[in-house]
Every structure is written in structure tokens, then in C-alpha cells.
Amino acid sequence: MSRSVRTRPGASGRALSEAYDTALLDLDGVVYAGGSAIVHAVESLAAAREGGMHLAYVTNNALRTPDTVAAHLTELGIPADPGDVITSAQAVARLIADQVPQGSRVLVVGGEGLRVALRERGLVPVESADDDPVAVVQGYGGPELPWGRFAEASYAVARGVPWFASNTDLTIPSGRGIAPGNGAAVEVVRIATGAEPQVAGKPLPPMHRETILRTGAERPLVVGDRLDTDIEGAFNGGVDSLLVLTGVTDGAQLLAAPPQHRPTYVDADLRGLLTGQPEVVEADGGFRCGGWTATAGGAEILPGRAKSGARGRLELDGDGAASDGLRALCAAAWTAAGDGVCELDGGKALARLGL
């Protein structure tokens, strides 16, 4: 069944922590950055939890175990148990276990998180293509992962052994900058073999399935900072999402988002869990939210695309909270784009908001 195209951020008359039973929270860029808690995260999550919302932490990083992640969160002042953490290693382990007999050997190219997840599913991690594995699984192994591990994976995959990947994020943030992620490592094996892996992590359905199975959420809200993993994952799972602007996504990327990357709600940070979300309404030939009105000025609208031209830009008038202005701009941009991508210039409008 086809779904309608989102053309404006949603509204909620209740605090999101009351409207949804479970927050499925991404970690880096949402809860912490560079190992430290993001501003307002600790107190916002504490208030949401005290109000009865279940908090679950969902990560594509397959290197660390749930125990390690939970310990880190607790150190930051965010109490968490290992059962509150869902990783792409767990999702890919279930994906493999659904296809091979219990007790099967699986060649591991990655870290301890993968090995723990495989054992949890009754599978046996092995290190060599000569150990007769029935599957190969690849996950982020950290910067010290030896190059020879990719060779072992390639030998097995070239022999026809089914190949799985926890996720295909090309990059991963580190304390020193952006580093190659598991997706870059997957490309090495793909180039060597010409094969394609089965992938479990966000934004694909196996990760959403794993999250729902482990949390029992009935009204989940995905909370993330990335359009192509967190928000698209929510879209693929048919659940609502909240984009926070504390991570990698900026205003220009949000305005240009295709339908599968458009969040249900937009807010500055995790304080957005504790409030309702204002309605964006049509007004004065554009869209109003709070004290702001946004219009698509001088746009030549073609099917599925708003083309930029000499006067093709997004206009913003009014005053008020920056988040309200951004919501109004999203409505103007997404409506102009329809099921395509908005190419109208929003730079001046975003600058007014300090974004």
C-alpha cells in the first residue's frame, strides 16, 4: 500500500514523551559526541524516563557490546542497562541465525560486539576461511583491524559462502575527525569478490525488527540526527521520527530531503521530547509556524522537483524561535518538491535563523 508524501513537519498537542511509549535513540550526535554527553541530553532523558517513557539506545556500531555501551551511558549520567541497548551486531546475528542451523560456524571480520551477538544466537565465531564457515559476517572492527581480515572474508565469499554485513555506513565519527566506517570495509570485500552482502543495520528492516522485538514498543518514536539512517529507518519501519539538530544534519540538507528522509518532527535537541510540537499551517500563500511565515518565492515547479532559478528561493518573514522558522521552511520546501528534491535556495532564510 502506498503512503502519502510528507509535505510539512507534524504537530503534537502532547509532549512527545507522553504521546509515544518508547524512544528509539541513536547515540552519536543525539546522546553524546566525542564521548561526552550533548548539552541538555542528560536532564531531558531523565525527565522523559521519569514521566514513564521507555528509553532504548539503537546504534549501527557493531564494535562495542551492549554492556560496554550501557556502562558508558551510565558514566555520562544516563542510567542504562545492557538490555536497553540494541546494536547492528545483534540484528545481523539474528539475520544469520534465521538462515543457518544453530551451532554453525561463522567467519567474523569485526570486533567483540559481533562475537558476543553471534554466541547469543547459538552460532560459533571462527577466524579463518579454512574453518569451514557457513557464513561470513562483517562489522566495524575499529582502526586497528588488520588488513588480513578482509582477505579472509574475500577467500570465503569467493568460495560461495553467504556474506552478511552489520551495516554499510561509509564513515564513523571519532575524536579526531571522520574515519572510514564499516561501509568502507565492505567495499574492500565487494571489490575483491564482486559479491553483495545481506545488510542488517539502519535504515534497513532487520534493524527495526530487532529493535521492536527487544523493546516490545507499541508506539515507538525514532530519535536521530542522520537523515539517511535514523529517519529513513523510521520511514522504512512505518513509525514516527524526531530529528534533532545536534549531529550531522544541517538546515540545508533537511530542506532538500526526499520523502524517505523527511522526519515527522524537528527540534533543536532532546528537549523536544518534553514538549508538544507546534502546528505548521498554510497562511499568506506560504506556511506559518509560530511567528514565522515561509514561502517558495519565484519557484518554477515541475513534477517532482522545485527547480532553482534567478528568483527561485525560499523566503522567510517574521520573528520567533529558530525551530519554528525551520519548520515553516520545511513545509515550503517539501511542498514545492512534492515527491522529489527541493533545489530552491534557502541559504538566506537559514542564515536569518542562525542555521
Side-chain angles (χ1 to χ4, degrees), residues 5-13 15-16 19 26 29-30 33 38-41 44 221-232 234-235 240-299 306 308 312-338 340-355:
V5 173
R6 175 170 295 282
T7 57
R8 69 184 77 174
S12 175
L16 298 184
D26 183 47
V30 175
I38 286 176
V39 64
H40 305 302
S44 297
L221 177 70
V222 170
V223 184
D225 71 310
R226 296 184 71 111
L227 300 179
D228 59 348
T229 54
D230 305 317
I231 306 308
E232 185 176 344
F235 177 89
D240 289 347
S241 60
L242 167 65
L243 178 79
V244 292
L245 301 176
T246 49
V248 301
T249 299
D250 60 27
Q253 292 169 328
L254 180 59
L255 297 184
Q260 69 272 23
H261 290 173
R262 297 172 189 169
T264 313
Y265 310 108
V266 179
D267 221 314
D269 52 55
L270 285 176
R271 289 176 294 179
L273 286 174
L274 308 178
T275 65
Q277 294 289 308
E279 185 177 11
V280 182
V281 298
E282 294 186 45
D284 303 324
F287 297 89
R288 184 175 66 238
C289 184
W292 296 101
T293 299
T295 57
S308 58
R313 61 180 179 270
L314 295 168
E315 307 278 3
L316 187 65
D317 294 307
D319 198 1
S323 294
D324 286 343
L326 182 58
R327 295 180 184 108
L329 283 170
C330 285
W334 298 349
T335 298
V341 173
C342 182
E343 297 181 1
L344 301 174
D345 182 7
K348 185 176 180 180
L350 290 169
R352 286 199 64 186
L353 301 174
L355 299 173

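Fair warning: this is a prediction, and the values are worked out from it, not measured in the lab.
Residues S12 and A19 share a closest heavy-atom pair of OG-CB, 4.2 Å. Minimum interatomic distance between F287 and E282 (heavy atoms only, all atoms of both residues): CE2-CG, 3.5 Å. What you find for P278 and C289 is that their closest heavy atoms are CG-SG, 3.8 Å. Considering every non-hydrogen atom in both A234 and D240, the closest pair reads CB-O, 4.2 Å.
Judged by distance alone, the side chain of T7 and the main-chain N or O of W334 form no donor-acceptor pair under 3.5 Å. Under a 3.5 Å cut-off, the side chain of R6 and the backbone N or O of R8 do form a donor-acceptor pair. Counting only distance, with no hydrogens or angles, the side chain of R327 and the backbone of V266 share a donor-acceptor pair below 3.5 Å. Between the side chain of T246 and the backbone N or O of G29 there is at least one donor-acceptor pair closer than 3.5 Å. In this structure, D284 contributes its side chain and G286 its backbone to no donor-acceptor pair below 3.5 Å. For the pair E232 (side chain) and T229 (backbone), a donor-acceptor distance under 3.5 Å is absent. Between the side chain of T249 and the backbone N or O of D225 there is at least one donor-acceptor pair closer than 3.5 Å.
A 6.0 Å sphere centred on CZ of R288 holds no more than 12 heavy atoms belonging to other residues, nucleotides or ligands.
A side chain to side chain contact (heavy atoms under 4.5 Å, CB included) with L243 is found for one member of D267, T264, V222, L254 and no other, namely L254.
Taken to the nearest 0.5 Å, the CG atom of L316 stands 5.0 Å off from the CH2 atom of W292. Between the CG atom in D250 and the CG atom in L355 there is a gap of 9.0 Å [rounded to 0.5 Å]. Atom CG of residue L227 and atom CZ of residue R262 lie 11.0 Å apart, to the nearest 0.5 angstrom. Note that the CD atom of E315 and the OG1 atom of T295 stand 5.5 Å from one another [nearest 0.5 Å]. Expressed to the nearest 0.5 Å, how far CG of L274 lies from OG of S44 amounts to 5.0 Å. Summarising the geometry, atom CD belonging to Q253 is positioned 10.0 Å from atom CG belonging to L255; distances are rounded to the nearest 0.5 Å.
Side-chain atoms of D345 and L314, non-hydrogen and from C-beta on, never get closer than 4.5 Å to each other. Side-chain contact check for D324 versus L326: every heavy-atom pair is 4.5 Å or farther apart. Annotation: side chain of R313 is not in contact with side chain of L344 (no heavy-atom distance under 4.5 Å).
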Chi angles and distances behind the side-chain contact (heavy atoms from CB on, under 4.5 Å) call for L221, L273:
CA-CA 10 Å; L221 177 70; L273 286 174; 3.9 Å; yes

The test is side-chain contact (heavy atoms from CB on, under 4.5 Å); show your working for H40 and L270 and say whether it passes.
CA-CA 7 Å; H40 305 302; L270 285 176; 5.8 Å; no

Working note: S241 + D230, criterion side-chain contact (heavy atoms from CB on, under 4.5 Å); need CA distance, chi angles, decisive distance, verdict.
CA-CA 8 Å; S241 60; D230 305 317; over 6 Å; no

May I have the step-by-step check of side-chain contact (heavy atoms from CB on, under 4.5 Å) for Y265 and L16, ending in yes or no?
CA-CA 10 Å; Y265 310 108; L16 298 184; 3.7 Å; yes

